[in-house]
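Order of appearance sets the numbers: ligands from 1, and atoms from 1 within every ligand.
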Amino acid sequence: MIFESHAHYDDGAFDGDRAEILRECRKQGISAIVNVSASLSSVKTTLALAEAYDFIYGAVGIHPDEVGELNEENFSWLKEKCRHPKAVAVGEIGLDYYWDKEGRETQKYWFRRQMELAWELGLPVIIHSREAAADTLEEVKKAHKPGQKAVVHCFSYGPDLAREYLDLGYYIGVGGVVTFKNAKKLKEVVKLVPIQRILLETDCPYLAPEPFRGKRNSSLNLSRIAEAIGQLKGMDAEAVMAITEENARKFYHLNQ
Ligand code: NI
């Protein structure tokens, strides 16, 4: 079985055939999907999906590009949504200096608040970090409490940063980029990270693996990602899928 640890099935890219794709995922052995929210409106659509499908769970959080919409009032609402029976994580939250849509201090402030929220509620965190390597680590170290679980999703930094997160007990999210020829840094990271600390993800509809690069992605491509990880680890794809499923179930507190 395969565990999809990070997807966005509420995205408009799936409006035409969402039900068909999710049915196909079920048929192809995908045992669970964590749909990740990014804005206040996608918290609602994520939880609606989790209510409609027994194998879909939700992550509740506001992406750094969207933190401009947060205030104390809707932050309380967000906290309430984190208590939904199918909410399994706070995310995706973090820093994005590539798009730099919101001021960096605003991004840091709400990243910290959402890290604290996760700790308070006993939930793992899904971290988004793009071109913000040093500040993300600094903020994480400030907010981190021993025992807090987190995954750095779609990891895009080098081995040194990966070691820092492993030392904190965090997981590394690996998706379609690992199949790209020019993804030298990520391949090095995958070799270094123990397989027990890798979460398999697509981030669909984004980041389709080869040979579908640039096209709409879906969890049906997870086996290609598992294959690429397996090649780097000297394991077969089946073993990668089995171990990463166990990792994700442990991470999200979901029993078999
Ligand atoms: Ni995402």
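For the salt bridge (Lys or Arg N to Asp or Glu O under 4.0 Å) with Arg216, the qualifying choice from Asp17, Asp11, Asp203 is Asp17, the only one to do so.
For the Ni ion (ligand 1), the set of protein N/O/S atoms nearer than 2.8 Å consists of His6 NE2, His8 NE2, Glu92 OE2, Asp203 OD1, ordered by chain and number.
No side-chain donor-acceptor contact under 3.5 Å links Asp135 to the backbone of Ala132. At least one donor-acceptor pair under 3.5 Å links the side chain of Tyr157 to the backbone N or O of Ser129. Of the possible polar contacts, one joining the His84 side chain to the Lys86 backbone as a donor-acceptor pair under 3.5 Å is found.
In this structure, Arg249 forms no cation-pi arrangement with Phe3, as its terminal cationic atom is not both closer than 6.0 Å to the ring centre and no more than 45° off the ring axis.
Atom NZ of Lys250 has 12 or fewer neighbouring heavy atoms from other residues, nucleotides or ligands inside a 6.0 Å radius.
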